[in-house]
Visitor: 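Structure in structure tokens, see below.
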2 protein chains.
Amino acid sequence: MTDPPVTLRDVAARAGVHPATASRALNPETRLLVREDTALRVLEAAEHLGYHPNPVARSLRTRRSHTVGVLIPDLTNPLFPPIVRGLEDRLAAAGYVALIGNTDGDGERERLLFEQMRARHVDGMVLATAHLSDPLLAEAARAGLPVVLMNRMAQDHSLPSVSVDNERGMRMAVTHLVAEGHQRIAHIAGPQELSTGLNRYRGFMAAIEAHGLVADPDLIIAAKAFSIEEGLRCTRALLERRSGCTAVAAGNDMLAVGCFAALDEAGLDCPADLSVVGFNDMPFIDRLRPPLTTIRFPHYQVGTEAAQLLLERIAGQDGPVKVLYLAPELVVRGSTAPCRPGEPGLA
Amino acid sequence: MTDPPVTLRDVAARAGVHPATASRALNPETRLLVREDTALRVLEAAEHLGYHPNPVARSLRTRRSHTVGVLIPDLTNPLFPPIVRGLEDRLAAAGYVALIGNTDGDGERERLLFEQMRARHVDGMVLATAHLSDPLLAEAARAGLPVVLMNRMAQDHSLPSVSVDNERGMRMAVTHLVAEGHQRIAHIAGPQELSTGLNRYRGFMAAIEAHGLVADPDLIIAAKAFSIEEGLRCTRALLERRSGCTAVAAGNDMLAVGCFAALDEAGLDCPADLSVVGFNDMPFIDRLRPPLTTIRFPHYQVGTEAAQLLLERIAGQDGPVKVLYLAPELVVRGSTAPCRPGEPGLA
DNA sequence: TTGTAGGCGTTATCAC
DNA sequence: GTGATAACGCCTACAA
């Protein structure tokens, strides 16, 4: 029933050479060590027999699994599929495959998955999770396991990382609102223990200052999570303060969607009563009513670049650690509008 | 720099036993073959040394990689992340990991990925791609490689498969529209060469007949892809026909979104002028204006069930082939409304 | 240029 | 119950 697998021996036998010779002929690295015509014979035999080298055996010998581990919070978060695709595409091009682990933001699960992947002898790890403890990272470093960070970075920049420039993105968002004439701009910040939340908050403050506006604490509120519910809650709280804002810069698109919901609830109109700008440009966010103005995040490239960095480390390139920032892009849609002069601001 | 990896030999040495004994003690399957106290000694030694079995070596010996291949069209299609999560979660629980391959619907890529995964000695495959040629499936069967189909099935039911009951789902959609008083119901069908497109079309026809309505060819149009653009195109065409329909059952949510766009364009209102029902209940589809009435598809469970079926085959269960249908669910939102009596229907 | 031999870490199959 | 031995399929000094 089951086909007998074709091994190197079979190929060698058919080509009338020793397995070692066959191995050399089949391996691009060492093909030049073997005479042209014998190499050809081997190749022909391999072709004829439908030979595929057994990667397991090869891994055992070479201690290379051609496998990398990827830890993300949750694949069903729409942010991640394009990133993962980018990763996989770039890795596949180099003959690597990715093992995806979803941590759900749980530190314990994170640890466990990390260990399991190490146990599976991954050649490297890409970490997009926020909480992975530094001891674990140190352990990886000690074991010589290449690690690349995604959407976060080591405080001391000791590890390669790829992320969008969150500060700059948020500055772009605020600058856009200012250009539309808004003066009292609120910020629904993401969780401040996440680097994305923190850096976007910093970008917000920097932009406010740069434009000579006042950073009114009443205009700033931090969400406990990047969720629609939290966006709803924070916007409600903002409205209750009656602080006269005419625009909101949300920490991400989910918070902006929650903001939309709160406006609906309060009978307010976006953008007539309040301009809203998001962050991420999630799929379908352009189909909302109104279509959300947001900061586009080059998801796919974050993935490809992270893969690239990791492949470089795996290949043993020992150059300086690269910390890569990808430029975000402002996408203006229907949720932002010029501030009506003399507008009283949100009641 | 790099830690020397702890091997079975080390554990055996520390416990004062032969490696084979250590192996037996460490393996749950064979632990009973070894005396309690020696087993304990081995376990203790392993613990102390921080021993992790080398899965590569184990695979070489046991010819089990504890790895399965998963072929999907495109991870960034919002349909798939929950399915993949379901798969991975169920597989992880059994100590397996998934290798994801994106085919982009390209038959050649599909073939290539299939081969690569076979070359990596996956223990089984889950296929969610439509075009995988039957010869390849036959080859897998011949090689004794377990295969499970997702969202499609073998014509002869010769392979285990998991899918949502597309026919039933579409019948539910039509029945809902009929209950709302609609009589002239259009169908924007998905591509008829995809089993999803075909089966939903069949469900549509069956429901129309069951309700004693006429299946007017003017009311039916087939999209070339499950895309917003095609939904737009098809709805435009439908509107031009002036066939007096008051409701549309779209082949999936993307087509429904395109339908929304066409209505906007034509200055028509949903649901006042036309009721629209989608299929899939994609993320954020409930945030559209109006929120889309649709058929919910138990994505996550499709994944877990497919994983379950595959694990059963891998475990060597040779029972009858299981073909599993998961029940869809109607989710009524704002895009469908009662047909206004005496309504002329779409101009 | 090609063959020889040994081992990567584990487990299956024998003996004892 | 435990130890010895031999693979699993491949790669790579080293020798010829």
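Lettering follows sequence order; numbering is per chain, from 1.
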Visitor: Do any of residues 16-23 of chain A sit with a heavy atom less than 4.0 Å from DNA chain D, and if so which?
Guide: A:A20, A:S23

Visitor: State, to 0.1 Å, how close B:P160 and B:L309 come at their nearest heavy-atom pair, and which atoms those are.
Guide: CB-CD2, 4.1 Å

Visitor: I need the minimum non-hydrogen distance between A:L159 and A:L137, along with the two atoms involved.
Guide: CD1-CD1, 4.0 Å

Visitor: Mind listing the closest non-hydrogen atom pair of B:R120 and A:G95 along with its distance?
Guide: NH2-O, 3.1 Å

Visitor: For the atom pair CG (A:L324) and OG (A:S161), what is the distance rounded to the nearest 0.5 Å?
Guide: 8.0 Å

Visitor: Counting distance only, does the side-chain N/O of A:R109 pair as donor-acceptor with the main-chain N or O of A:N102 below 3.5 Å?
Guide: yes

Visitor: Could you check whether any side-chain N or O of B:S65 sits under 3.5 Å from a backbone N or O of B:H121, counting only pairs where one atom can act as donor and the other as acceptor?
Guide: yes

Visitor: Name all residues meeting the side-chain hydrogen bond (donor to acceptor under 3.5 Å, both in side chains) criterion together with A:R35; count only those two or more places apart in sequence or in a different chain, and write none if there are none.
Guide: A:D37

Visitor: Can you name the closest pair of heavy atoms from A:M150 and A:G303 and give their distance?
Guide: SD-CA, 4.5 Å

Visitor: Reading DNA chain C 5' to 3', which nucleotide is the first, and which the last, to come under 4.0 Å of any heavy atom in chain B?
Guide: C:dG9 to C:dT13

Visitor: With ring-ring contact (aromatic ring centres under 6.0 Å, His included) as the rule and sequence neighbours excluded, what pairs involving residues 85-104 of chain B come up?
Guide: B:H66-B:Y96

Visitor: Sub-3.5 Å donor-acceptor pair from the side chain of A:T304 to the main-chain atoms of A:L87, do we have one?
Guide: no

Visitor: Please identify the 5'-most and 3'-most nucleotides of DNA chain D with any atom under 4.0 angstrom from a heavy atom of chain A.
Guide: D:dG9 to D:dA13

Visitor: Run the side-chain donor-acceptor check on residues 72-85 of chain B: report pairs under 3.5 Å with partners two or more places apart or on a different chain.
Guide:
unit_1	atom_1	unit_2	atom_2	d
B:D74	OD1	A:R85	NH1	3.0
B:D74	OD1	B:T76	N	3.0
B:D74	OD1	B:T76	OG1	3.0
B:D74	OD2	B:T76	OG1	2.7
B:N77	OD1	B:L79	N	3.0
B:R85	NH1	A:D74	OD1	3.0
B:R85	NH1	A:D104	OD1	2.8
B:R85	NH2	A:D104	OD2	3.2
B:R85	NH2	B:D89	OD1	3.3
B:R85	NH2	B:D89	OD2	3.4

Visitor: Could you tabulate the donor-acceptor pairs under 3.5 Å formed by side-chain atoms of residues 21-30 of chain B, not counting sequence neighbours?
Guide:
unit_1	atom_1	unit_2	atom_2	d
B:N27	OD1	B:E29	N	3.2
B:T30	OG1	B:R24	O	3.1
B:T30	OG1	B:N27	O	3.3

Visitor: How many angstroms lie between atom CZ of B:F297 and atom CG of B:N151, to the nearest 0.5 angstrom?
Guide: 4.0 Å

Visitor: Going by heavy atoms closer than 4.0 Å, what residues in residues 44-63 of chain B are next to DNA chain D?
Guide: B:L60, B:R61, B:R63

Visitor: Got a list of side-chain donor-acceptor pairs under 3.5 Å for residues 312-323 of chain A, not counting sequence neighbours?
Guide:
unit_1	atom_1	unit_2	atom_2	d
A:E312	OE1	A:K322	NZ	3.0
A:E312	OE2	A:Q308	NE2	3.3

Visitor: Table please: side-chain donor-acceptor pairs of residues 9-18 of chain B below 3.5 Å, with sequence neighbours left out.
Guide:
unit_1	atom_1	unit_2	atom_2	d
B:D10	OD2	B:T7	N	2.9
B:R14	NH2	B:H48	NE2	3.2
B:H18	ND1	B:A20	N	3.0

Visitor: Give me the atom names and distance for the closest heavy-atom approach of B:A98 to B:E88.
Guide: CB-CG, 4.2 Å

Visitor: Could you give the distance from CG (A:L40) to CZ (A:R31), rounded to the nearest 0.5 Å?
Guide: 9.0 Å

Visitor: Can you list, in residue-number order, the parts of residues 33-43 of chain A that come under 4.0 Å of DNA chain C, counting heavy atoms only?
Guide: A:L33, A:V34, A:R35, A:T38

Visitor: Just report the end-to-end axis angle for the helix from C:dT1-D:dA16 to C:dC16-D:dG1, five pairs per end, to 10 degrees.
Guide: 40°

